[in-house]
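Structure, as C-alpha cells:
The structure presented is a predicted model; accordingly, all values stated were derived computationally and were not measured. Just the heavy atoms: all of them, side chains too, but no hydrogens, waters or symmetry mates, feed the values below.
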Amino acid sequence: MTDHASCSTVLSAPKIAIIGGGLTGLLTATLLERASNQTGSSSNTPQITIFEKSRSVGRLATRYRSDSETGKNWQWSFGAQFFTAKTADFQQFIAPWLDTELLKPWCAEVVELTAADENGQSPNIQSKEQWDAVHARYISTPKMTSWGRELVAALKHTTIVFKTRVAPLAQYLHRQNPQQSQHQIQNQTHNQTFNQTFNQTFNQTFNQNSKQTELFDETGASLGWFDWVICTAPNGQAVELMADSGFAQQDKITKPQMQACYTLMLGWDDVQKLPETLKDQLAPQWDVAYLNNAILDRIFIEHQKPAHGELLPSVTIHARNDWSEAHVDDDIELVTEQLLQAAKQALNWNEDSAPSQTDCHRWRYAATIVNKDTEELGILIDATKQWIVSGDWCAKGNIESCYRMAQQTVKAVMQI
C-alpha cells in the first residue's frame, strides 16, 4: 500500500472534488478515506464530493431486461467484461470481496471464431485457451455493477452528486473566496486592473492564497470551494475541462490515444431457440470467442458466467475498437444494423433462431492504445493549484490501472 508517513502536511479537513464517478473516482475516494483513517486524527478526514454526469457510478456497467412471462432477466455486461489483478497491492485490495464471493474468478473456455462465408460454409470454431485461476479474470456478481455499489456503500465521508456536469475550469470569472481576509480583499480591489487582465486568460475561480478552487455546473451554479480538484474523466473530456485554465501539464493530457467501442447486446427467449453456434452441444464448448472479423472483436456468453445460471440466454458482442472509432459519429441505428449483420454471419442464425432482444451502446472513450515502448504517463499534477488529472488512460487503460492511478493520487495529496 501507499506510504502515508507525510499525512501531517494535509490541511485540516480538506475538501476534495472528484470529477467522474467511474472506478478511478470511486477507488480514489476509497483510498483517500482509508489513508485518513490510518492517521488516527479526525481533523485530517477529507470531505470528498464526487460529481458524476450520469445517474450511476462505475465503469462496470450492466444492462438488463425482464421477461414478463417468466420473471427472468436478460443481462449484459456492456462495459468491461472482466478485470485482472496482476500486482500484489491490487490482489490484496480485492481479497475481501473474493472472500464474500461478490467477486469471482471466471475460468472461461476461449475460442477463435471465423464467421460463415457467403458460400454457406458454417462458422469455424477452434479452441484457443482456458482462463485459469492462476492468471484469473474476475467478474462481479450477480452484476458487474455490484462491486461499484459495494464501493459506494463503504464510503463514509464522500458525497456523490449525480446528473451533474462540471463546467470547464476556465469558464467562469475569478471570484473571491469568502474565507479570505478583508486585507486580501482590499489588495485585490487595489489590483483590479491586474486581475481583469489575469482573468482573460484564467477565468476559473482559483484562489492563489488559499489554493482553493470554486467549481460550477454547466448552468453556472456554484458547486462549492475545494482544496483539491481531481479529474478522473477520459482524456478527451479532461482536455475540455482543463482548457485555458493554466493547468501546468495541459499538453500531456492528449498524449494517450483512446478509441471508441460499440457494444451489441442480444437475447433469446429460450436456450432451445439459440443458433447452433451458441448451444452447449457444440464442440468445442465455449464462453468467449475472439473473432476473425473486420467489424467484430469478441463475443461473451453471459448466461454461462459464474452465478449467472438463472439468466435468459444473453450474449454481449464488442466491436473492434478501430472500426468503432472510424464510425463513432455515425447514426446509432445504422451502426446497429451493421453490427447485427456481422453478428448474424458470425453466429449463423436463421429466422427461427434469431435473437428476440437487441440493443446497442456507444462508448466514445473505451480503450487506451498502449505502446509497449513508451513509458506510462502516470497522473498529471499541478501542485500550485492542487489539481490532478487521473484515469486508467494514464496507464494501461484497464481496471487495475484505475487502482494504481488512485494510489498515485493519494500519495500526491498526502505529500503536498
| request: For residues Ile399 and Leu60, report the shortest heavy-atom separation together with the two atoms involved. | output: CD1-CD2, 3.3 Å
| task | Keeping the roles fixed (side chain from Thr141, backbone from Glu101), state whether a donor-acceptor pair exists under 3.5 Å. | result | yes
| message | For Thr24 and Asp392, which I'm curious about, is there any donor-acceptor pair between the side chains at under 3.5 Å? | response | no
| request: Provide the closest heavy-atom pair for Leu32 versus Pro46 in the form atom of the first, atom of the second, distance. | output: O-CG, 4.2 Å
| task | Say whether, by atom type as modelled, one donor and one acceptor occur between the side chain of Arg137 and the main chain of His135 under 3.5 angstrom. | result | yes
| query | Is there a donor-acceptor contact under 3.5 Å from the side chain of Ser54 to the main chain of Ser56? | reply | yes
| From CA spacing to verdict: ring-ring contact (aromatic ring centres under 6.0 Å, His included), Tyr365, Trp393 | CA-CA 10 Å; Tyr365 306 104; Trp393 54 271; 9.9 Å; no
| Any donor and acceptor pair, going by atom type alone, linking the side chain of Glu218 with main-chain N or O of Ala167 inside 3.5 Å? | no
| Which is it for Leu113 and Tyr290 under the side chain to side chain contact (heavy atoms under 4.5 Å, CB included) test, yes or no, and what are the steps along the way? | CA-CA 6 Å; Leu113 189 154; Tyr290 285 75; over 6 Å; no
| query | Would you say Arg165 and Phe51 make side-chain contact, with heavy atoms under 4.5 Å? | reply | no
| field | Distance-only polar pair, side chains of Asp217 and Thr164, donor-acceptor under 3.5 Å | value | no
| field | Test item: Val57 and Val152 side chains (from C-beta on) under 4.5 Å apart, heavy atoms | value | yes
| request: Only one of Arg404, Gln92, Gln407, Glu400 passes side chain to side chain donor-acceptor pair (under 3.5 Å) with Thr87; say which it is. | output: Glu400
| query | Got a donor-acceptor contact below 3.5 angstrom from the Thr158 side chain to the Thr49 backbone? | reply | no
| said: For Lys385, is there any backbone N or O sitting under 3.5 Å from a side-chain donor or acceptor partner on Asp382? | reply: yes
| said: Is any side-chain heavy atom of His157 closer than 4.5 Å to one of Ile48? | reply: no
| Does NZ or CZ of Lys15 lie under 6.0 Å from the centre of the six-membered ring of Trp225, at an angle within 45° of the ring axis? | no
| Hey, does the side chain of Asn321 reach the backbone of Ala260 with a donor-acceptor pair shorter than 3.5 angstrom? | yes
| Parallel, tilted or perpendicular: which describes the rings of Trp268 and Trp349, with under 30° parallel and over 60° perpendicular? | perpendicular
| said: Does the Lys NZ or Arg CZ of Arg63 fall within the cation-pi geometry relative to Phe78 - under 6.0 Å from the ring centre and within 45° of the axis? | reply: yes
| task | Search all heavy atoms of Ala35 against all heavy atoms of Met414 and return the closest pair with its distance. | result | CB-CE, 3.3 Å
| query | Hey, what do you get for CD1 (Ile230) to CD1 (Ile50), rounding to the nearest 0.5 Å? | reply | 9.5 Å
| Would you call the rings of Phe83 and Trp147 parallel, tilted or perpendicular if under 30° counts as parallel and over 60° as perpendicular? | parallel
| task | Check whether any side-chain heavy atom of Asn348 sits under 4.5 Å from a side-chain heavy atom of Glu276, and report yes or no. | result | no
| Any side-chain heavy atom of Ser77 sitting closer than 4.5 Å to one from Ile139? | no
| request: Verify whether the ring centers belonging to Trp76 and Phe300 lie closer than 6.0 Å. | output: no
| said: For Leu339 versus Ala319, what's the shortest heavy-atom pair and its separation? | reply: CD2-CB, 3.9 Å
| request: Heavy atoms only: give me the nearest Trp106-Pro306 pair and the separation to one decimal. | output: CD1-CD, 3.4 Å
| Lys/Arg-Asp/Glu bridge criterion (N-O < 4.0 Å) met for Arg364, Asp329 | yes
| field | Pair Ile301-Leu278, side chain to side chain contact (heavy atoms under 4.5 Å, CB included): steps then yes or no | value | CA-CA 8 Å; Ile301 304 178; Leu278 288 171; 3.8 Å; yes
| said: With a 4.0 Å cut-off on N to O distance, would you call Lys273 and Asp270 a salt bridge? | reply: no
| said: For Trp323 together with His327, are the ring centres under 6.0 Å from each other? | reply: yes
| Between Thr70 and Asp67: side-chain donor-acceptor atoms closer than 3.5 Å | yes
| said: Looking at Leu274, is its backbone amide N or carbonyl O close enough to the side chain of Ser353 to form a donor-acceptor pair, meaning the two atoms are under 3.5 Å apart? | reply: no
| Side chain Thr232, main chain Gly391, donor-acceptor under 3.5 Å | no
| message | For Ser314 and Gln75, which I'm curious about, is there any donor-acceptor pair between the side chains at under 3.5 Å? | response | no
| field | Flag for Lys252-Gln249: side-chain donor and acceptor within less than 3.5 Å | value | yes
| query | Salt bridge check: are Lys156 and Glu33 linked by an N-O gap of less than 4.0 Å? | reply | no
| request: Before giving the answer on side chain to side chain contact (heavy atoms under 4.5 Å, CB included), spell out for Thr336 and Asp359 the whole-Å C-alpha distance, their side-chain angles and the decisive distance to 0.1 Å. | output: CA-CA 8 Å; Thr336 303; Asp359 202 353; over 6 Å; no
| said: Asp251: which residues meet the side chain to side chain contact (heavy atoms under 4.5 Å, CB included) condition with it, sequence neighbours left out? | reply: none
| Checking side chain to side chain contact (heavy atoms under 4.5 Å, CB included) for the pair Thr358/Leu340: CA distance, chi angles, key distance, verdict? | CA-CA 9 Å; Thr358 62; Leu340 277 171; 3.9 Å; yes
| Side chains of Trp387 and Ile381 in contact at under 4.5 Å (non-hydrogen atoms) | no
| query | When you look at Tyr403 and Phe93, which way does the ring-ring contact (aromatic ring centres under 6.0 Å, His included) test go after all the steps? | reply | CA-CA 9 Å; Tyr403 178 79; Phe93 179 78; 4.8 Å; yes
| query | Going by distance alone, is a donor N or O of one side chain under 3.5 Å from an acceptor N or O of the other, for Glu302 and Gln81? | reply | yes
| query | Can you check whether Leu151 reaches Leu27 side chain to side chain, under 4.5 Å on heavy atoms? | reply | yes
| Any sub-3.5 Å donor-acceptor pair from Asp287's side-chain atoms to Glu109's backbone N or O? | yes
| said: List the residues meeting side-chain hydrogen bond (donor to acceptor under 3.5 Å, both in side chains) with Gln47, not counting sequence neighbours, and say none if there are none. | reply: none
| note | Heavy-atom nearest pair, Ala346 first then Ala115, reads CA-CB, 3.7 Å
| request: For the residue pair Glu150 and Trp97, establish whether any side-chain heavy-atom pair is separated by less than 4.5 Å. | output: yes
